[in-house]
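Heavy-atom basis, side chains included; hydrogens, waters and symmetry copies ignored. We're numbering straight along the sequence, starting at 1.
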Amino acid sequence: MQGIFSDEVENQNDFIYAVKMIPVVIDTNVFVAGLRSRGGASREVLRRALTGDIQVLFGNALWLEYQDLLGRPVWGETTTPIERIQVLAALAKRGRWVTVYYGWRPNLPDEADNHLIELAMAGGALVIITHNVRDLREGELKLGNLRVLTPAQCLEEWQ
């Protein structure tokens, strides 16, 4: 994972490679898609989060959405309930918990998605990874360098 993930630093004729983990918010639709399929971009995003190549940000609202999804019949048979809980636990160990102190309220078409923007802003995320790109980009509040990308778009940029 070269490119945006690593920098070379010269130190007395030796090279030290410092890895910069990109803070991201993974929408619940990517979490579900990644666990419902055996391959694909959503699955690869989860793999990279689990291996520490990207840093997943969690906040109260997003964490509750993930937990709520574990009990819903949206999964298919690719993973078992125990495997899904294990993946979420592993993501929690690799991710970073962020407390959101300020509500940005970007006035998205779906009010329930505003918490994703708030989490990204509070945690300094560079990207929100979602399959719902159109709705998350339609807010009234423009948020600087924060990008909203699909899993496939992220993987394309991260090569």
Do you know the tightest heavy-atom contact between [X] and [Y]?
{"X": "Phe58", "Y": "Ala92", "result": "CE1-CA, 3.8 Å"}
{"X": "Ala122", "Y": "Thr99", "result": "CB-O, 4.0 Å"}
{"X": "His131", "Y": "Ser42", "result": "NE2-OG, 2.8 Å"}
{"X": "Ala41", "Y": "Ala152", "result": "CB-N, 3.5 Å"}

Find out whether [X] and [Y] are in side-chain contact, i.e. whether some heavy atom of one side chain is under 4.5 Å from a heavy atom of the other.
{"X": "Pro151", "Y": "Glu44", "answer": "no"}
{"X": "His115", "Y": "Val100", "answer": "no"}
{"X": "Ile117", "Y": "Leu146", "answer": "yes"}
{"X": "Arg147", "Y": "Ile128", "answer": "no"}
{"X": "Arg96", "Y": "Val56", "answer": "no"}
{"X": "Leu35", "Y": "Val87", "answer": "yes"}
{"X": "Phe31", "Y": "Leu88", "answer": "yes"}

Option passing side chain to side chain contact (heavy atoms under 4.5 Å, CB included) with Tyr66 (candidates Val32, Leu91, Ile26):
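Filter result, single survivor: Ile26.
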Pairs meeting criterion salt bridge (Lys or Arg N to Asp or Glu O under 4.0 Å) with involvement of residues 62-71, two or more places apart
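As it turns out, the salt bridge (Lys or Arg N to Asp or Glu O under 4.0 Å) pairs with a partner in residues 62-71, which skip direct neighbours, are Asp68-Arg72.
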Salt bridge (charged side-chain N to carboxylate O under 4.0 Å, His left out) partners for Arg38, two or more places apart
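Salt bridge (charged side-chain N to carboxylate O under 4.0 Å, His left out) list for Arg38, sorted by chain: empty.
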Please assess Val127 against Val148 for the test side-chain contact (heavy atoms from CB on, under 4.5 Å), listing each intermediate value before the final yes or no.
CA-CA 6 Å; Val127 177; Val148 179; over 6 Å; no
From [X] atom [atom1] to [Y] atom [atom2], the distance as rounded to the nearest 0.5 Å:
{"X": "Ile85", "Y": "Thr79", "atom1": "CD1", "atom2": "OG1", "answer": "10.5 Å"}
{"X": "Leu126", "Y": "Ile54", "atom1": "CG", "atom2": "CD1", "answer": "11.0 Å"}
{"X": "Ile22", "Y": "Glu157", "atom1": "CD1", "atom2": "CD", "answer": "9.0 Å"}
{"X": "Glu156", "Y": "Thr150", "atom1": "CD", "atom2": "OG1", "answer": "8.5 Å"}

So, does [X] use its side chain to make a donor-acceptor pair with the main chain of [Y] at under 3.5 Å?
{"X": "Trp158", "Y": "Gln153", "result": "no"}
{"X": "Arg84", "Y": "Leu70", "result": "no"}
{"X": "Thr130", "Y": "Val133", "result": "no"}
{"X": "Arg43", "Y": "Ser37", "result": "yes"}
{"X": "Glu83", "Y": "Thr80", "result": "yes"}

Polar contact flag, side-chain donor to acceptor under 3.5 angstrom, Asp53-Thr51
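Yes, a side-chain donor-acceptor pair sits under 3.5 Å.
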Can you tell me if Thr78 and Arg36 form a side-chain donor-acceptor pair at under 3.5 Å?
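No, because no side-chain N or O of Thr78 sits under 3.5 Å from a partner of the opposite role on Arg36.
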Could you check Val25 against Ile129 for side-chain contact (heavy atoms from CB on, under 4.5 Å), going step by step and ending with a plain yes or no?
CA-CA 6 Å; Val25 173; Ile129 305 171; over 6 Å; no
Do Leu64 and Leu57 share a hydrophobic cluster (ILVMFWY, side-chain heavy atoms under 4.5 Å, transitive)?
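No, separate clusters.
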